[in-house]
Amino acid sequence: MIYNLYKQLSSTYGKQNWWPLSGYMEKFDEVSIGAILTQNTSWKNVEKALENLVSAKILSLEDVLEIDEEFFKNLIRPAGFYNQKAKRLKNFAKSVLSVKKEKINRQFLLSINGIGKETADTILLYGLDKLTFVVDAYTKRLFYRLGVIDNEKIEYDKLKSLIEKNIPEDLEVYKEFHALIVEHCKNLCRKKPICDKCFLKDWCYNKQN
DNA sequence: AGCCAGGCCAAGC
DNA sequence: GCTTGGCATGGC
């Protein structure tokens, strides 16, 4: 059922290709910075911040560590929560650059202030090609409305392992499925859903129908 | 012109 | 343990 959902989303929306982006930065650095900047923030705003960083030649976590904090805040301002995010990014850069790359696992990332489960999994999956599924608010909402789960506030790791159990161990599937869920929820399964245009409405339990 | 975005943390019950 | 408030800009 869950894998079938992936296939339907995939054939409807096509390939998403989230990361890497245009390649100004190394993948790990680019994903980490993007993942932190997009916390509770639309990707459109993150893009503006990323453009500012590229223009200012901030192209790596090393650069993030070096740059003057006030100047940095100004560059990432469009992404919102810029005071907090500037601190988180600098602290993240410091933590990551102080250890060997092999030490960067989920537990390590979660120990860094400002890195929660979704951000950690995003960095692992898209930045390090680790087979770990990314759950977000959209995933919970969609799966709840579809009737796959009976509680929208399901614990992060429970939904994560439920999905992982039901899809093939394939990096591309992991990467695309999460991106497709986001795409679908931005288009149709919004807070106020547009059910009449949705190709899933026949088997969706959404109470709002 | 509100409402909302690809969360997370600290503080308060 | 679970809830709540704070963080901030820009698009629709």
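Chain letters run A, B, ... following the sequence lines, proteins first, then strands; residues in each count from 1. Because the structure is predicted, anything quoted here is derived from the model rather than measured.
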Nearest whole angstrom, please: distance from the [atom2] of [N] to the [atom1] of [X].
{"X": "A:Lys87", "N": "C:dC7", "atom1": "NZ", "atom2": "P", "result": "13 Å"}
{"X": "A:Ile154", "N": "C:dC2", "atom1": "CD1", "atom2": "C1'", "result": "17 Å"}
{"X": "A:Ile36", "N": "C:dC7", "atom1": "CD1", "atom2": "C1'", "result": "15 Å"}
{"X": "A:Lys153", "N": "B:dG7", "atom1": "NZ", "atom2": "P", "result": "17 Å"}
{"X": "A:Asn113", "N": "C:dC7", "atom1": "CG", "atom2": "P", "result": "16 Å"}
{"X": "A:Glu155", "N": "C:dT3", "atom1": "CD", "atom2": "P", "result": "13 Å"}
{"X": "A:Leu37", "N": "C:dG10", "atom1": "CG", "atom2": "C1'", "result": "15 Å"}
{"X": "A:Glu47", "N": "C:dG11", "atom1": "CD", "atom2": "P", "result": "11 Å"}

For this session: Indicate, with yes or no, if A:Val99 and A:Leu110 share a hydrophobic cluster defined by side-chain heavy-atom contacts under 4.5 Å among Ile, Leu, Val, Met, Phe, Trp and Tyr.
Result: no
When the [atom1] atoms of [N] and [M] are considered, how many whole Å apart are they?
{"N": "B:dC8", "M": "C:dG10", "atom1": "P", "result": "23 Å"}
{"N": "B:dC4", "M": "C:dC7", "atom1": "C1'", "result": "15 Å"}
{"N": "C:dA8", "M": "B:dG2", "atom1": "C1'", "result": "16 Å"}

Exercise. Is the distance from OP1 or OP2 of C:dC7 to the nearest side-chain N or O of A:Tyr82 less than 4.0 Å?
Worked result: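 No, no such contact exists.
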For this session: Establish, with yes or no, whether the OP1 or OP2 oxygen of C:dG11 is under 4.0 angstrom from a side-chain nitrogen or oxygen of A:Lys48.
Result: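 Yes, such a contact exists.
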For this session: Can you label the angle between the A:Phe143 ring and the A:Phe177 ring as parallel, tilted or perpendicular, going by 30° and 60°?
Result: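 Ring orientation, 0 to 90° scale: tilted.
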Exercise. Do the ring planes of A:Trp18 and A:His178 sit parallel (below 30°), tilted (30 to 60°) or perpendicular (above 60°)?
Worked result: perpendicular
Exercise. Quick one: stems for DNA chain C, with Watson-Crick or G-U pairs under 3.5 Å, at least three in a row?
Worked result: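 Consecutive-pair runs (3 or more) involving DNA chain C: B:2-5 with C:9-12, B:7-13 with C:1-7.
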Counting any heavy atom closer than 4.0 Å, what does [X] reach on the DNA or RNA strands: base, sugar-phosphate only, or nothing?
{"X": "A:Ile181", "value": "nothing"}
{"X": "A:Ile76", "value": "nothing"}
{"X": "A:Arg88", "value": "base"}

For this session: Scan A:Asp170, A:Asp121, A:Asp129 and name whichever one has a salt bridge (charged side-chain N to carboxylate O under 4.0 Å, His left out) with A:Lys175.
Result: A:Asp129
Exercise. So, A:Glu176 versus A:Ser10: side-chain donor-acceptor pair below 3.5 Å or not?
Worked result: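 Looking only at side-chain atoms, A:Ser10 and A:Glu176 do not form any donor-acceptor pair under 3.5 Å.
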Problem set entry | Donor on one side chain, acceptor on other, A:Ser55 and A:Asn52, under 3.5 Å | no
Can you give me the N/O atom pairs linking the protein to nucleotides 2-6 of chain B at distances under 3.5 Å, or say none if there are none?
residue: B:dG6; atom: OP1; partner: A:Trp43; partner atom: N; Å: 3.2
residue: B:dG6; atom: OP2; partner: A:Tyr138; partner atom: OH; Å: 2.4

For this session: Would you please name every residue forming a side-chain hydrogen bond (donor to acceptor under 3.5 Å, both in side chains) with A:Tyr13, sequence neighbours left out?
Result: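 Residues passing side-chain hydrogen bond (donor to acceptor under 3.5 Å, both in side chains) with A:Tyr13: A:His184.
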For this session: Kindly indicate whether the side chain of A:Lys85, heavy atoms from C-beta on, has any atom under 4.5 Å from the side chain of A:Lys73.
Result: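 Side-chain contact under 4.5 Å: no.
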Problem set entry | A:Tyr174 six-ring centre to A:Lys130 NZ/CZ under 6.0 Å and within 45° of normal | no
Problem set entry | Pair A:Lys201 + A:Asp196: basic N to acidic O under 4.0 Å | no
